[in-house]
Amino acid sequence: TNIFLAAALNTKNKVIYIDTEGSFSVERFKQLGGKYKDMKRIRFFEPHTWKEQHNSVMKLEEIIKKERIELIIIDSLVALYRLALDPTKQDIVTLINKQLSSEYCTLSRLARQNKIAVLVTNHIYNIGDQVELTSKSIARYWSKCLIELKKQEKPNHRTAIIRKHR
């Protein structure tokens, strides 16, 4: 989230911030140098359900037609996705996976056509000593760049590992 806040500070136009985890911190934004005038450039969406998130992403094209958007941030694209999945109902799993794929597709198209940067966080899980993305096939297919941030022993330090790049 802190990386995204810093990115939002370095834009001239508006930023769309979709916060599915309630992780945006005004205090942290100020600590990174953000001012009240900077907050006016950020359009916040706080979906609480998968359906709300899906609708928010699908409405981005309308917003981009009306406003000069430079950056889209989604933290996290899969938090509500994971909650919506019901492994006992295959038709629900199929529908949710199609919707997630359409969200990635929409974000990819908007980025290309409008020259907008899109930053998305994803959840991970461990299989033995391997780290894996939630929705790994969908995320890997649509993402142009995948960066893993690995915690270091020193507090508040991370190592960025490029896992995929064009």
Side-chain angles (χ1 to χ4, degrees), residues 1-8 15-29 32 42-64 69 71-112 116-153 155-166:
T1 304
N2 295 337
I3 293 170
F4 291 173
L5 295 175
V15 173
I16 293 174
Y17 194 107
I18 300 176
D19 183 6
T20 66
E21 298 185 344
S23 60
F24 183 85
S25 165
V26 174
E27 188 59 38
R28 186 68 179 134
F29 186 74
L32 292 168
I42 303 174
R43 289 209 46 192
F44 288 97
F45 294 86
E46 290 185 282
H48 298 286
T49 66
W50 173 253
K51 184 177 181 179
E52 288 176 6
Q53 174 184 320
H54 188 66
N55 289 338
S56 295
V57 172
M58 294 299 115
K59 290 179 184 176
L60 291 177
E61 189 165 16
E62 294 172 30
I63 295 168
I64 289 168
I69 304 297
L71 173 64
I72 298 170
I73 299 168
I74 304 180
D75 187 16
S76 148
L77 193 61
V78 297
L80 298 171
Y81 161 87
R82 290 173 68 179
L83 295 174
L85 290 176
D86 183 347
T88 64
K89 298 179 182 173
Q90 188 56 45
D91 57 329
I92 298 293
V93 171
T94 301
L95 173 66
I96 300 297
N97 280 326
K98 283 182 181 179
Q99 289 176 333
L100 179 63
S101 188
S102 71
E103 288 182 25
Y104 271 112
C105 177
T106 297
L107 293 167
S108 179
R109 182 176 41 79
L110 292 174
R112 278 191 327 274
I116 295 172
V118 177
L119 299 171
V120 174
T121 62
N122 197 327
H123 289 191
I124 58 169
Y125 60 94
N126 290 338
I127 301 177
D129 62 343
Q130 294 285 73
V131 173
E132 200 52 75
L133 289 168
T134 298
S135 74
K136 63 183 173 185
S137 297
I138 298 170
R140 282 197 175 114
Y141 179 81
W142 285 108
S143 300
K144 300 298 178 216
C145 182
L146 292 172
I147 301 170
E148 177 184 346
L149 297 177
K150 196 169 194 167
K151 285 185 179 182
Q152 297 302 304
E153 288 182 24
N156 299 318
H157 283 71
R158 306 282 188 275
T159 298
I161 303 165
I162 297 174
R163 295 294 183 196
K164 176 183 175 184
H165 196 283
R166 291 192 232 173

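- Taking every heavy atom of both residues into account, I92 and D86 meet most closely at CG2-N, 4.4 Å.
- With rounding to the nearest 0.5 Å, the separation of CE in M58 from OG1 in T106 is 3.5 Å.
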Assess whether side-chain contact (heavy atoms from CB on, under 4.5 Å) is satisfied between L71 and L119, documenting all intermediate values.
-> CA-CA 8 Å; L71 173 64; L119 299 171; 3.9 Å; yes
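- Among residues two or more places apart in sequence or in another chain, the salt bridge (charged side-chain N to carboxylate O under 4.0 Å, His left out) test is passed with E61 by R109.
- In this structure, I18 and S56 approach most closely via the heavy-atom pair CD1-CB, 4.4 Å.
- Atom CG of D91 has more than 12 heavy atoms from other residues, nucleotides or ligands within 6.0 Å.
- By the 4.5 Å heavy-atom criterion applied to side chains, V57 and I74 are counted as neighbours.
- Put simply, CG on D19 and NE2 on H48 are 9.0 Å apart, with the number rounded to the nearest 0.5 Å.
- Note that CG of L80 is 10.5 Å distant from CD1 of I96, once rounded to the nearest 0.5 Å.
- Note: L100 CG to E103 CD = 6.0 Å, rounded to the nearest 0.5 Å.
- Judged by distance alone, the side chain of H54 and the main-chain N or O of E52 form no donor-acceptor pair under 3.5 Å.
- Under a 3.5 Å cut-off, the side chain of S101 and the backbone N or O of K98 do not form any donor-acceptor pair.
- Side-chain atoms of I64 and I72, non-hydrogen and from C-beta on, do get closer than 4.5 Å to each other.
- Between R158 and K151, the closest side-chain pair of non-hydrogen atoms falls below 4.5 Å.
- Here the straight-line distance linking atom NZ of K89 with atom CG of L95 works out to 12.5 Å at 0.5 Å rounding.
- Using a distance-only test at 3.5 Å, with no hydrogens or angles considered, a donor-acceptor pair links the side chain of Q53 to the main chain of L77.
- The aromatic rings of F24 and Y17 sit perpendicular to each other, their planes meeting at more than 60°, with 30° as the lower class boundary.
- W50 has its side chain out of reach of L85: every pair of non-hydrogen atoms, C-beta onward, lies at least 4.5 Å apart.
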For I73 and I42, what are the C-alpha separation, side-chain angles and deciding distance, and is it a side-chain contact (heavy atoms from CB on, under 4.5 Å)?
-> CA-CA 10 Å; I73 299 168; I42 303 174; over 6 Å; no
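- Here the shortest heavy-atom pairing between P87 and V93 reads CA-CG2, 4.1 Å.
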Stepwise side-chain contact (heavy atoms from CB on, under 4.5 Å) test for F45 and I16 = CA-CA 8 Å; F45 294 86; I16 293 174; 3.7 Å; yes
